[in-house]
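Single-structure report; data block below.
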Amino acid sequence: MLEALKKEVYEANMLLPKYGLVTFTWGNVSGIDQESGLFVIKPSGVDYDKLTPDDMVVMDLNGEKVEGRYKPSSDTPTHLELYKACPDIGGVVHTHSSYATSWAQSGRSIPCYGTTHADYIYGEVPCLRCLTKDEIDEAYETNTGLLITDYFKDKDFMAVPAVLCKNHGPFTWGKDAHEAVHNAVVLEEVAKMAFRTELINPSVRPAPSELQDKHYYRKHGANAYYGQN
C-alpha cells in the first residue's frame with residue numbers, strides 16, 4: 001500500500017541525519033496521499049540506520065494505523081492536525097535541530113534579519129506559547145497540533161512553512177516530504193545566522209520590509225522570476 005509514498009517518506013527521513021538535523025531518533029518526517037486521505041510516517045524510536053521503506057507506517061486522518069509492523073511516531077497526532085488544517089501541506093517534519101530548538105527553548109520568534117530568511121519564510125518564524133498543564137496531560141501531541149493550526153487559522157501556512165513550539169522545538173512543512181525537509185534545513189541555517197547576528201550586534205533590527213518583500217516575492221509571488229522556467 002502506497003509503496004511510492006513509503007519510499008519517498010523513507011528517503012526524506014534519511015535526509016535528516018544527512019543534514020545534521022537529528023541526534024539518535026529525535027525527528028520524523030511524514031507525507032500524505034491527498035487522494036486516499038492516508039499519510040505515511042516514520043515509526044517511533046527506530047534508529048535511522050535500521051530503517052527501510054517497508055518500516056514506514058500508514059495512517060488515516062482519524063489517527064488509526066492502516067498498515068505497518070511498528071507503532072507510528074509519537075508526534076503523529078501533531079502531523080495529523082496539520083494535514084487536516086491545510087490541504088496544501090503534503091509533508092511535515094519535526095526535529096530537535098540545535099539552533100532552532102535553542103530559539104524555541106528561549107521562547108523567542110526568529111526575526112528576519114536578512115535575505116536568506118526572506119527567500120523562504122515571509123516575516124519572522126513564530127514561537128508559540130507553551131501548552132498548559134491540562135493540554136499537556138490530556139492530549140499533548142494533538143494539542144501541539146491544535147496550537148499550531150489555531151495560530152495559522154488566519155495566516156498562510158505556505159508563506160511561513162515553519163514554527164517553533166516553546167520549550168519543545170520546530171515543525172516545518174511543504175508541498176511534499178522532501179520540501180518539508182528542505183524547509184527544516186533552511187530553518188536551522190536561519191536560526192544559526194540569527195543567533196550569530198545577535199552576538200555580533202545585540203542591537204540589530206530586522207531587515208527592511210521592502211527588502212524582505214523583494215526577496216520573498218521574487219521567488220514566490222505572482223511575477224516570480226528567480227530560477228529557471
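Starting from 1, each residue takes its place in the sequence as its number. Here the structure is a predicted model, which means the values were calculated and not measured.
- When all heavy atoms of L38 and I32 are compared, the closest pair comes out as O-CG1, 3.3 Å.
- Two residues are said to be in side-chain contact when any heavy atoms from C-beta on lie closer than 4.5 Å; E198 and V204 meet this criterion.
- Residues V185 and M14 share a single hydrophobic cluster, defined by chaining ILVMFWY side chains whose heavy atoms lie under 4.5 Å apart.
- The existence of a salt bridge linking E188 and K192 is excluded, since no basic side-chain nitrogen approaches an acidic carboxylate oxygen closer than 4.0 Å.
- Atom CD of E81 and atom CG of L146 lie 4.5 Å apart (nearest 0.5 Å).
- Other residues, nucleotides and ligands contribute at most 12 non-hydrogen atoms within 6.0 Å of the CG atom of N223.
- A 4.5 Å side-chain heavy-atom check between V9 and F39 finds every atom pair outside the cut-off.
- Of the possible donor and acceptor atoms, one in the side chain of Q34 sits under 3.5 Å from a partner among the backbone N and O of I89.
- In the hydrophobic clustering of ILVMFWY residues, with side-chain heavy atoms under 4.5 Å counting as a link, L128 and M158 come out together.
- Of the inter-residue distances, the one linking Y10 atom OH with E3 atom CD reads 14.5 Å to the nearest 0.5 angstrom.
- Checked against side chain to side chain donor-acceptor pair (under 3.5 Å), K50 has no partners two or more places apart in sequence or in another chain.
- Hydrophobic cluster membership is shared by V29 and L51, with clusters built from Ile, Leu, Val, Met, Phe, Trp and Tyr side chains linked at under 4.5 angstrom.
- With contacts defined as side-chain heavy-atom distances shorter than 4.5 Å, the pair M59/L80 does not qualify.
- Summarising the hydrophobic clusters (Ile, Leu, Val, Met, Phe, Trp, Tyr; side-chain heavy atoms under 4.5 Å, direct or chained), the residues clustered with Y225 are none.
- Between R69 and D55, at least one side-chain N (NZ, or NE/NH1/NH2) sits under 4.0 Å from a carboxylate O, which counts as a salt bridge.
- To the nearest 0.5 Å, the span separating NE2 on H117 from CG on L187 amounts to 8.5 Å.
- Residue V40 is grouped with residue M1 when hydrophobic side chains (ILVMFWY) are merged at heavy-atom distances under 4.5 angstrom, including chains of intermediate members.
- In the hydrophobic clustering of ILVMFWY residues, with side-chain heavy atoms under 4.5 Å counting as a link, Y226 and V190 come out apart.
- For the pair C165 and F171, the minimum side-chain heavy-atom distance is below 4.5 Å.
- The closest side-chain heavy-atom distance from K42 to Y70 is not below 4.5 Å.
- Across all non-hydrogen atoms, the minimal contact from A224 to H220 is CB-N, 4.0 Å.
- W173 places a side-chain heavy atom less than 4.5 Å from the side chain of I148.
- In terms of heavy-atom proximity, V92 sits nearest to Y83 at N-OH, 3.4 Å.
- When side chains are defined from C-beta on, M56 counts as touching P43, because their heavy atoms get closer than 4.5 Å.
- Formation of a donor-acceptor pair under 3.5 Å by the E179 side chain with backbone atoms of K175 is found in this model.
- Minimum heavy-atom separation, G114 to A207: N-CB, 4.1 Å.
- Around the NZ atom of K65, the shell of radius 6.0 Å holds more than 12 heavy atoms that belong to other residues, nucleotides or ligands.
- Note that CG of D134 is 9.5 Å distant from CG of N143, once rounded to the nearest 0.5 Å.
- Partners of R196 under the side chain to side chain donor-acceptor pair (under 3.5 Å) rule, at least two apart in sequence or in another chain, do not exist in this structure.
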Result block: side-chain N/O donor-acceptor pairs under 3.5 angstrom for residues 15-28, not counting sequence neighbours:
{"unit_1": "N28", "atom_1": "OD1", "unit_2": "H79", "atom_2": "NE2", "d": "2.7"}
{"unit_1": "N28", "atom_1": "ND2", "unit_2": "S73", "atom_2": "OG", "d": "3.1"}
{"unit_1": "N28", "atom_1": "ND2", "unit_2": "D75", "atom_2": "OD2", "d": "2.9"}

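- Side chain of T172 to main chain of P161: no donor-acceptor pair is present (N/O by atom type, distance under 3.5 Å, no hydrogens or angles).
- Note on residues 155-170: pairs passing side-chain hydrogen bond (donor to acceptor under 3.5 Å, both in side chains), not counting sequence neighbours, are H94-H168, Y140-H168.
- A heavy-atom distance below 4.5 Å is not found between the side chains of D213 and E210.
- In this structure, the separation between OG1 on T149 and CZ on F157 is 6.0 Å, given to the nearest 0.5 Å.
- In this view, A104 and L164 satisfy the side chain to side chain contact (heavy atoms under 4.5 Å, CB included) rule, not counting sequence neighbours.
- Across all their heavy atoms, G37 and L61 have their closest contact at O-CG, 3.4 Å.
- When all heavy atoms of A180 and G174 are compared, the closest pair comes out as CB-N, 3.7 Å.
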Review point. Which is it for W103 and V125 under the side chain to side chain contact (heavy atoms under 4.5 Å, CB included) test, yes or no, and what are the steps along the way?
Key: CA-CA 10 Å; W103 284 86; V125 178; over 6 Å; no

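- Taking CD of Q212 as the start and CD1 of I121 as the end, the distance is 11.0 Å to the nearest 0.5 Å.
- The closest donor-acceptor contact from the side chain of D47 to the backbone of D49 lies at 3.5 Å or more, if one exists at all.
- For D176 (side chain) and H178 (main-chain N/O), a donor-acceptor pair under 3.5 Å exists by modelled atom type.
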